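On a predicted model such as this, the values are computed, not experimentally measured, just so you know.
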Amino acid sequence: MSVSQAAARLAPPLRLDRRARALLASAGAVLLSLVVGGLLVVIAGGDPVAAYRALLDGALGTPYGIGQMLVLAIPLVIIGLGLALAFRGRVYNIGAEGQLFMGALAAGVVAIFLPVGFDPLLIGAATVAGVLAGAAWGGIVGVLRARWGVNEVITSLLLNFVAILIFTYCVRRPLRAPGSPDLQGRSIQPDAALPALPDLAVHIGVFLALLLVPLAAYVISRTPFGFRVRMLGFNAEAARTAGVRSGRMVVGLMVISGGLAGLAGGLQVLGVAERLDPGISQGYGFTAIVVALLGRLNALGVLLAGLFIALLQSGGQAMSVIEGVPYAIVLAIPAVFVVFLLIADRFARGS
Amino acid sequence: MDWSEIFGPDALVVLLSTSVAFAMPTALAAVGETVAERAGVLNLGLEGMLLAGALVSFLVAYYVGSVALGTVAGVAIGVVLGALMAFLSVSLRTEQIINGIAIVLVAQGITLFVFEKLFGGEEQPTIAGISDVEVPLLHDIPGVGPVVFEQNVLFYLSLALALGVSLLLTRTRFGLSVRAVGESPAAAEATAVSVARTRWLALLVCGGMAGLGGAVLVLGQLNVFEEDVSGGRGWVAIALVIFGRWNPLLVLGGAFLFGFTDALQIRVQAVSGGIASSVPTEIFGALPYVVTLAVMVAATVLAGRDAQPAALGVPFRKGVNA
């Protein structure tokens, strides 16, 4: 028996074993973080079983609740997909929050001022403006890294503060709703508002999010671009030797992930707030990092993780009201989960 | 708006003395980060360590009534998070960037949870401030005296520690080990310096410094805790390490620059009368971050990345790494 035959005979059970261990590791991480969550509930003086039940009831008990969960999931999934792609190529964009706000601002300006009487055109133009603004804001970071090797983690993060303050400035001053108090930005034209599904009260952006999941999966696993991204993530040095132009890839990944964050921001303005409002994001750009990591940088995984975290957050409101448990617990659980997952993965891979 | 209220002779002394005070939390975190990075570990969890240090020191000071104990507690929680970072990055060798981001997220989630649980829906809790101490003789030095030597005890402690850790890195045997494992871990290991041990220690120092930074921020300056009180200072500190070319004294200088822009924007907001004024205070609010970004980018563009520790971000495994 040749070596390759022996290897072929050995390979399948080994691979299964590794998958089984990875699965076991994930399950262990889920279990542990739910236990930690329960412990936090106990510390807060609540009953963990009742708290988790209140959370599920709140998120899934009524059509309206489900709708609210989906509205939350839309930005998380859209941004998470872009981050998953970027992280695959080891481009650590943690500036999605700022990119979201720049996208929201651009989409909002178009939706407020563009004199078009035809809804689809107006909505389309505003959405494209949001994507472009987010892509440009992310692109700055990509160019700095590609051209001069400036660490993208730090620049993208610091640009969040700048973007949010620019947004706040615009909402308070040039784009303030006439005669309104402090932080009310102008409303968009009624034609620019996204239609919503009856009963669920979910804007049609939900279809866009669902469409993007298979598209991202296809790009990652079936296109030359996705192949280069994976090569870059696996071994940047080898990828460069093989002719992958890493600078262009870095800029590309920042532009794509920034553009998706900008899209999410645009949808928040057009479909949720229908005005320029600093409240359009409750830190979605940061939560999406957790979504991407929990989803294991995999498109379908991002969809599931996005739904899971949206469920936690929308149910968390109900839980905090009914059980008197602080809402922040639903922010702590996924973060603890990420740490457990890191540890579990390491042990599943073995030394 | 009357700019002489900010830059006039008397006002300038106030502006500069608040600048150096505001610089301190960032300075401590940045010097700590310099130690970690010189040892080869990119610790992106700094913001979380600063935030946790702020909360824990505030809680101890609030319930026990002791600023000293609060400060110790702030350092301690920083060291704990430093240990978590070391466990993940050095012992398990998982991706350092992800570890750091995860630590920030955990710290944010848990501090918010604890704070909401204890004070949710109540009036914002405050603690008594600590008074300034004039250093005899030194505070009579014209110019420098009133700016640097009329501060509170935590300020002096911080300044001494920041300078002390800088010396630790450049002038001691431990510092030499740190620099060796960051530049060439395999060579260091060959000369009987344990890479794992040195990196663990560097991260504990870094966590402690960031935790102290959080304590100085709430106990020495703000006297309140609020959601996200660290306000990105940890991230700014990481940027300043790059700006300062991994040289602790230059990093410290960068922190004072940040402190100045921060003090300036707060002063502008106060003097201009806030939202009703014609001065766009939001634009000034962005100033500390913009300046930090600009100097970091400028330093990288002009000086290249030669100063960066060669093994920064690369996990080390005995007998594998060349």
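Here CG of A:L165 is found 10.5 Å from CZ of A:F101. Values are rounded to the nearest 0.5 Å. Separating the CE atom in B:M85 from the CH2 atom in B:W200 is a distance of 11.5 Å, to the nearest 0.5 Å.
Ranked by heavy-atom pairs under 4.5 Å with chain B, the list A:A332, A:P326, A:G45 is led by A:P326. Looking only at heavy-atom pairs under 4.5 Å with chain A, the residue among B:P288, B:A286, B:G109, B:A102 that has the most is B:G109. In terms of heavy-atom pairs under 4.5 Å with chain B, the best-connected choice from A:V338, A:I329, A:I164, A:V336 is A:I329. Of the listed residues (A:I43, A:I333, A:V153), the one with the most heavy-atom contacts under 4.5 Å to chain B is A:V153. Interface check for chain B: of the options A:I154, A:V339, A:T168, the most heavy-atom pairs under 4.5 Å are formed by A:I154.
For chain B, the nearby parts of A:L342 are the backbone and the side chain; heavy atoms of each come within less than 4.5 Å. With a 4.5 angstrom heavy-atom cutoff, A:I94 touches chain B only via side-chain atoms. Heavy atoms of B:V236 lying under 4.5 Å from chain A belong to its backbone as well as its side chain. Only the side chain of B:L42 comes within contact range of chain A, with heavy atoms under 4.5 Å apart. When heavy atoms are compared at a cutoff of 4.5 Å, B:E47 does not approach chain A at all. The contact between B:L112 and chain A is made by backbone and side chain atoms together, counting heavy-atom distances below 4.5 Å. For B:I242, the part sitting under 4.5 Å from any heavy atom of chain A is the side chain, from C-beta outward, and nothing else. For a residue to count as touching a neighbouring chain, one of its non-hydrogen atoms must lie under 4.5 Å from one of that chain's; by this rule B:L92 touches chain A with backbone and side chain alike. Neither the backbone nor the side chain of A:F337 comes within contact range of chain B, judged by heavy atoms closer than 4.5 Å. A:L144 touches chain B through its side chain: at least one heavy atom from C-beta onward sits under 4.5 Å away, while N, CA, C and O do not. Using a 4.5 Å cut-off between heavy atoms, B:L287 does not touch chain A at all. Heavy-atom distances place both the backbone and the side chain of A:L40 under 4.5 Å from chain B. Of the two parts of B:I103, neither the backbone nor the side chain holds a non-hydrogen atom closer than 4.5 Å to a non-hydrogen atom of chain A. Interface residue A:L158: backbone and side-chain heavy atoms are both found under 4.5 Å from chain B.
Judged purely by atom type and a 3.5 angstrom limit, B:S91 has no side-chain atom pairing as donor or acceptor with the backbone of B:L88. Listed for the A:R230 side chain is no donor-acceptor partner under 3.5 Å among the backbone atoms of A:G89. Judged by distance alone, the side chain of A:R90 and the main-chain N or O of A:G233 form a donor-acceptor pair under 3.5 Å.
By the ring-ring contact (aromatic ring centres under 6.0 Å, His included) test, A:F87 pairs with A:Y92, sequence neighbours left out. The ring-ring contact (aromatic ring centres under 6.0 Å, His included) check on B:F115 picks up B:F119, B:F225, with sequence neighbours excluded.
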Side chain to side chain donor-acceptor pair (under 3.5 Å) evaluation trace for A:N93 with A:Q99: CA-CA 10 Å; A:N93 173 15; A:Q99 292 143 18; 3.1 Å; yes
Side chain to side chain donor-acceptor pair (under 3.5 Å) evaluation trace for B:T94 with A:R346: CA-CA 7 Å; B:T94 53; A:R346 191 68 194 76; over 6 Å; no
List the steps, then state whether salt bridge (charged side-chain N to carboxylate O under 4.0 Å, His left out) holds for A:R172 with B:E282. CA-CA 9 Å; A:R172 279 190 179 166; B:E282 300 83 7; 2.8 Å; yes
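Among pairs with a residue in residues 137-147 of chain A, those fulfilling side chain to side chain donor-acceptor pair (under 3.5 Å) read A:R145-A:E152, at least two apart in sequence or across chains.
Open room surrounds CZ on A:F234; 12 or fewer heavy atoms of other groups in view lie less than 6.0 Å from it.
Between B:V295 and B:F258, every side-chain heavy-atom pair lies at or beyond the 4.5 Å cut-off. Considering only heavy atoms from C-beta on, B:N43 stays 4.5 Å or farther from B:E37 through its side chain.
Scanning residues 278-285 of chain A against chain B with a 4.5 Å non-hydrogen threshold yields no residues.
The only member of B:V41, B:V79, B:L84 that meets side chain to side chain contact (heavy atoms under 4.5 Å, CB included) when paired with B:L203 is B:V41.
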